[in-house]
Amino acid sequence: MTAIRIDRISKTFVSSRTGEQVVALKDVDLEVSQGEFVAIVGPSGCGKSTLLSIIAGILEPTSGAAYHYDAPILGPSPDRGVLFQDYALFPWLSVRQNISFGPRARGVPSSEWQQEVDRLISVVGLSGFDTRLPHELSGGMRQRCALARMLANEPRTWLMDEPLAAVDLQTRTLLQEEILRIWGEDQPPADRPAVMFITHGIDEAVLLADRVIVLGRRPGRVKADLKIDLNRPRFEHRDLAAEGVLVQQIWDQIRDEARSAILED
Amino acid sequence: MINDYHLLTAKLIIVYQIESQVCLKRKCMSRETRKIQRVASAVTAPIVGCAGLYAAWTAASWWLENPILLPPPNSVLTALVSIMQDELVGDILASLHHLGVGMSFGVTIGFALAVLATQNRLVERLVDPLIELLRPISGIAWIPLAIMMFGVGETVPIFLIAYVSVFPIYINTVAGIAGVDGRLINAAKVLGAPPSTIRWHVILPSALPMILAGFRLSLGVAWMTLIGAELIGGNSGLGWRAFWYEQFFAMNKNLAVILVVGVLGFLFDGIIRLLQARLLRWSPAQSGAAT
């Protein structure tokens, strides 16, 4: 079953200062199946985040259309959960209040979400921190809190925008493992959400995903679509040699554009 | 003589202060001792400042030898005790009444205009230039017109307080709402929050630090304007009373009232700072407001 379908999407930004047009995405076609973990990699400026924002419904494409379970995406929906790179936690709410924000905002009676929120707090390892405020947490804990906040809505699709870019390496490794566990990598695809995971880290993409999509830049478009046939659960059967080959293969696709991206910035 | 005693006390405090600073620099003492020294310094320094002013004031009044031109501070304190037992409470209540009613109007109008201006372009284009045009005009400038319109009485100070308190709350609320982090609004949207929830549970708390800072500024300028407005256009309150005493050359009582004005203004500001610290505990930048 197709969870996300992107149909010839283009997005052009017009600079309000110079009037200059920047083509962020050009004729992008993409499909993500139910239960599939798709990582998107590409150099800076390839429109990764733009694509995710369009699927999240917080940005409209200039042309083309996006569908979620065959329904056109016209705006944000709690069915498509988003995890932001900078957490975007509400700083005035405690961990618990942040996590329960979705159900509360949607008017779900508290009897229906109390237990689930308690469970999520322990799933993401924040037991005992539920009354803390975001500024009292470490970066890793903030991202755990944001993950639990997304999960509290029980979305059918996870949209993750470089969620681990701002945490240290050890925390990142731990969180990668946790994300796969919570996603349900040992479950059949029908029982777990579709994931679109944007990252700068090619090794991270190879480690986590079933498929890695490489976007090119100027204009942003799909350059390559690679299947990652490594055994799951990934952290139990790590095959560093096979991972290395795949990482190299993807890096070959990106190298030249990444270099020119650095020169331009 | 009482003044000699005061001078001596001030001198002793200064000596103690210097000593304690020297001790602080030596690393000979335990952490607890140093902490006590720091607290003692935080307490003694303001006392030294007040004592210095008191001493200078006393010296100046001796030199002038004219209790009407500049009454010595001890006679002002005596006058303060005497008016406290008499009319002061009524005057304070009258001023608080002017302040409360005036600010209720001003803050409500300023806040409402700011919310409308941030929601609607047309309102913004209508209101913003007017605010910017009127803002530099001191509230005092409207006293003659206010007296003409309302006559001398409580309406003049209430009107002026309402007028001056509109601007800071308007400007800060606009800036606060404009400065809301768009990422938080997006986060709320993707979590399924309807617009009203975003307005009350995302935008309002985000803008609250700026709004409270605006309220604090409004209160400060309102309190300053209050005294002038009562003094010229009112028939009750602390400003009016200060002027009334002056008519009888009771300058010690006049200064006693001014002292009360200062202390009350300080207290109001302290209350707002406590409120800020309490409501903005979540903001590392703001929660220090009370310290």
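Chain A is the first sequence line, chain B the second, and so forth, proteins listed ahead of strands; every chain is numbered from 1.
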Which one, A/P78, A/G81, A/A146, leads in non-hydrogen pairs under 4.5 Å with chain B? A/P78
Chain B contact via A/D86 - side chain, backbone, both or neither, heavy atoms under 4.5 Å: side chain
Please say whether the positively charged group of A/R156, taken as NZ for Lys or CZ for Arg, lies over the ring of A/Y69, i.e. under 6.0 angstrom from the six-membered ring centre and within 45 degrees of the axis. yes
How long is the span from the OG1 atom in A/T131 to the CZ atom in A/R96, to the nearest 0.5 Å? 10.5 Å
Sort A/R149 into side chain, backbone, both or neither according to what part of it lies under 4.5 angstrom from a heavy atom of chain B. both
Can a cation-pi geometry be assigned to B/R135 and B/Y170, taking NZ or CZ under 6.0 Å from the six-membered ring centre and within 45° of the ring axis? no
Contacting moiety of B/S206, where chain A heavy atoms sit under 4.5 Å: both
When B/A187, B/A193, B/P194 are compared by non-hydrogen pairs under 4.5 Å with chain A, the top option: B/A187
Just so I understand: if I count every heavy-atom pair under 4.5 Å between each of A/L159, A/L93, A/N153 and chain B, which residue has the most? A/N153
Validation row: A/F197, A/E204 side chains within 4.5 angstrom (heavy atoms): yes
Can you tell me how the ring of A/W92 sits relative to the ring of A/F90, calling it parallel under 30°, perpendicular over 60° and tilted otherwise? tilted
